[in-house]
Structures are given as C-alpha cells and as structure tokens.
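Below is one structure, written out as structure tokens, with a few remarks after it.
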Amino acid sequence: MALISPDAFTLRHGGNVTDVAWRPISGDAVMEPLAFDHATILRAATARLRSKVEYSTLPVHLLPEAFTLGELQTVYERLLGRSLDKSAFRKRMGEVDFIEPIEGEMRRASNRPAQLYRLKQARSTVFFDRTI
C-alpha cells in the first residue's frame with residue numbers, strides 16, 4: 001500500500017496492461033471486477049489505511065502542497081467513511097501542530113475565503129495520543 005496524490009502520478013499503459021485508471025472506492029471495494037486476488041488486497045489495504053487514519057496525520061499526504069482545513073477534513077471523512085465534527089477536528093489538528101498557515105494565501109470560495117495551509121517541514125507524520 002502506498003499513499004500518493006493522483007496529481008503526482010501519471011498513469012501509463014504498458015506490458016500486459018490494457019486498462020489503467022483511478023477508480024473510486026465504495027466501502028472497501030470498487031465497482032468493476034478486479035483481476036486475480038486484487039479485491040482481497042484492496043480490502044486489506046483499505047482496512048489498514050482506515051485504522052492508521054484514526055490515529056495519525058497520514059491523510060495530509062493525499063492533498064496538494066497548499067490545502068484548506070475543510071479539504072483536510074473531507075479526506076479524513078472519506079477515508080473513515082463517517083462525518084467528523086468540524087470544531088473538534090480543527091481543535092485536534094491544532095493540538096498536533098503539523099501544519100502551518102501560508103501567510104497571505106487564501107482560497108476564494110462562494111462565501112468567505114479559506115486560509116491555505118501546508119505541512120510543516122519537520123512534521124511529516126504525527127501520531128495522535130487518542131483516536132480521532
């Protein structure tokens with residue numbers, strides 16, 4: 001299992017690969033049938049990732065360099081398969097001190113602009129003292 005941003009990777013056909021594409025995961029599976037034992041591998045990887053998300057900052061590595069707290073929360077929620085309380089989530093992210101605001105950078109939205117954040121240089125992955 002590896003966490004990579006789809007923006008950082010170019011999918012290529014080659015060898016005996018005829019169909020290569022990003023597929024959304026629903027629950028712990030994809031809608032299309034997978035070859036060989038890949039469905040079993042996907043279920044194991046999904047379960048392991050969800051477990052790690054409960055106690056670490058791992059999901060930040062799925063975002064671009066600049067992101068909003070709302071985008072970070074959305075990644076957590078999608079990986080966990082459940083909604084998180086906005087204020088509790090923001091408090092937890094502040095407690096572990098692994099991201100920093102990008103001064104003067106805001107993302108324009110339909111309502112008020114959102115502050116952009118980035119991963120702190122020395123804090124790539126942090127483990128929580130309790131689950132999220």
Side-chain angles (χ1 to χ4, degrees):
M1 173 177 68
L3 291 180
I4 56 172
S5 172
D7 299 335
F9 193 83
T10 303
L11 299 177
R12 289 182 280 162
H13 298 273
N16 62 356
V17 176
T18 57
D19 183 28
V20 66
W22 294 108
R23 305 276 190 228
I25 295 174
S26 178
D28 62 355
V30 294
M31 294 304 182
E32 296 84 15
L34 298 176
F36 312 112
D37 61 347
H38 296 174
T40 302
I41 293 169
L42 178 61
R43 276 192 301 279
T46 303
R48 183 70 180 128
L49 177 59
R50 285 191 176 129
S51 171
K52 286 181 175 285
V53 169
E54 287 281 356
Y55 63 84
S56 76
T57 59
L58 209 52
V60 74
H61 299 288
L62 294 172
L63 291 168
E65 282 188 40
F67 54 89
T68 65
L69 286 177
E71 291 167 340
L72 181 59
Q73 182 171 345
T74 298
V75 170
Y76 269 88
E77 290 175 339
R78 286 188 180 163
L79 291 171
L80 291 169
R82 61 182 164 88
S83 296
L84 300 170
D85 178 73
K86 183 178 178 178
S87 62
F89 179 81
R90 288 170 184 256
K91 181 180 178 190
R92 174 60 63 88
M93 295 302 114
E95 290 172 353
V96 294
D97 192 35
F98 74 105
I99 58 175
E100 62 188 3
I102 303 172
E103 295 302 322
E105 294 288 325
M106 304 291 264
R107 178 159 299 141
R108 302 288 174 223
S110 59
N111 45 15
R112 69 177 199 198
Q115 175 67 54
L116 288 176
Y117 290 83
R118 67 176 160 228
L119 186 63
K120 284 188 174 181
Q121 293 272 334
R123 306 284 296 192
S124 66
T125 302
V126 177
F127 299 98
F128 306 143
D129 59 352
R130 61 191 188 283
T131 59
I132 197 162

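Keep in mind that what you see is a predicted model, and the values were worked out from it rather than measured. Side chains are part of it too, since the values below use all heavy atoms of this structure and drop only hydrogens, waters and symmetry mates.
- Rounding to the nearest 0.5 angstrom, the gap separating the CD atom in Q73 from the NZ atom in K86 is 7.5 Å.
- In this structure, I25 belongs to a hydrophobic cluster whose other members, linked by side-chain heavy atoms under 4.5 Å apart, are V30, L34, L42.
- Counting heavy atoms from C-beta outward, Y117 and T68 have side chains that stay 4.5 Å or more apart.
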task = Take K120 and D97, measure what side-chain contact (heavy atoms from CB on, under 4.5 Å) needs, and give me the verdict at the end.
result = CA-CA 8 Å; K120 284 188 174 181; D97 192 35; 2.5 Å; yes
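- Shown here are the salt bridge (Lys or Arg N to Asp or Glu O under 4.0 Å) partners of E103, two or more places apart in sequence or in another chain: there are none.
- Closest non-hydrogen pair, V60 versus L72, comes out as CA-CD1, 4.0 Å.
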message = Let's go through L79 and T46 carefully: what are the C-alpha distance in whole Å and the side-chain angles of both, what is the deciding distance for side-chain contact (heavy atoms from CB on, under 4.5 Å) to 0.1 Å, and is it a yes or a no?
response = CA-CA 8 Å; L79 291 171; T46 303; over 6 Å; no
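- Every side-chain hydrogen bond (donor to acceptor under 3.5 Å, both in side chains) that E54 has, sequence neighbours left out, goes to R82.
- Legend: residues meeting salt bridge (Lys or Arg N to Asp or Glu O under 4.0 Å) with R78, ordered by chain and number and at least two apart, are absent.
- With Q115 contributing its side chain and E105 its backbone, the two residues share a donor-acceptor pair below 3.5 Å.
- In this structure R48 satisfies the side-chain contact (heavy atoms from CB on, under 4.5 Å) test together with M1, S51, K52, Y55, sequence neighbours excluded.
- Between the side chain of E77 and the backbone N or O of L84 there is at least one donor-acceptor pair closer than 3.5 Å.
- Grouped by direct or indirect side-chain proximity (heavy atoms under 4.5 Å, Ile/Leu/Val/Met/Phe/Trp/Tyr only), I102 sits with L116.
- Remark: R43 engages no residue in a salt bridge (Lys or Arg N to Asp or Glu O under 4.0 Å) (not counting sequence neighbours).
- In this structure the side chain of L119 never reaches within 4.5 angstrom of the side chain of E100, judged on heavy atoms.
- Summarising the geometry, atom CZ belonging to R92 is positioned 12.5 Å from atom OG belonging to S87; distances are rounded to the nearest 0.5 Å.
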request  = Kindly indicate, with the supporting measurements, whether the criterion side-chain contact (heavy atoms from CB on, under 4.5 Å) is fulfilled by R23 and E32.
outcome  = CA-CA 9 Å; R23 305 276 190 228; E32 296 84 15; 3.1 Å; yes
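- Contacts of R107 classified as side-chain hydrogen bond (donor to acceptor under 3.5 Å, both in side chains), with partners at least two apart in sequence or in another chain: E71.
- By the side-chain hydrogen bond (donor to acceptor under 3.5 Å, both in side chains) test, R50 is found to be paired with no residue, residues two or more places apart in sequence or in another chain being considered.
- Under the 4.5 Å side-chain heavy-atom criterion for grouping Ile, Leu, Val, Met, Phe, Trp and Tyr, M106 is not connected to I99 through any hydrophobic cluster.
- Residue pairs meeting the ring-ring contact (aromatic ring centres under 6.0 Å, His included) criterion with at least one member in residues 68-88, sequence neighbours excluded, are Y76-F89.
- Across L11 and A21, no two heavy atoms sit closer than the pair CD1-CA, 3.6 Å.
- Not counting sequence neighbours, E65 has no partner by the side-chain hydrogen bond (donor to acceptor under 3.5 Å, both in side chains) test.
- Under the rule for a side-chain contact (heavy atoms from CB on, under 4.5 Å), the partners of D37 that lie at least two apart in sequence or sit in another chain are I41.
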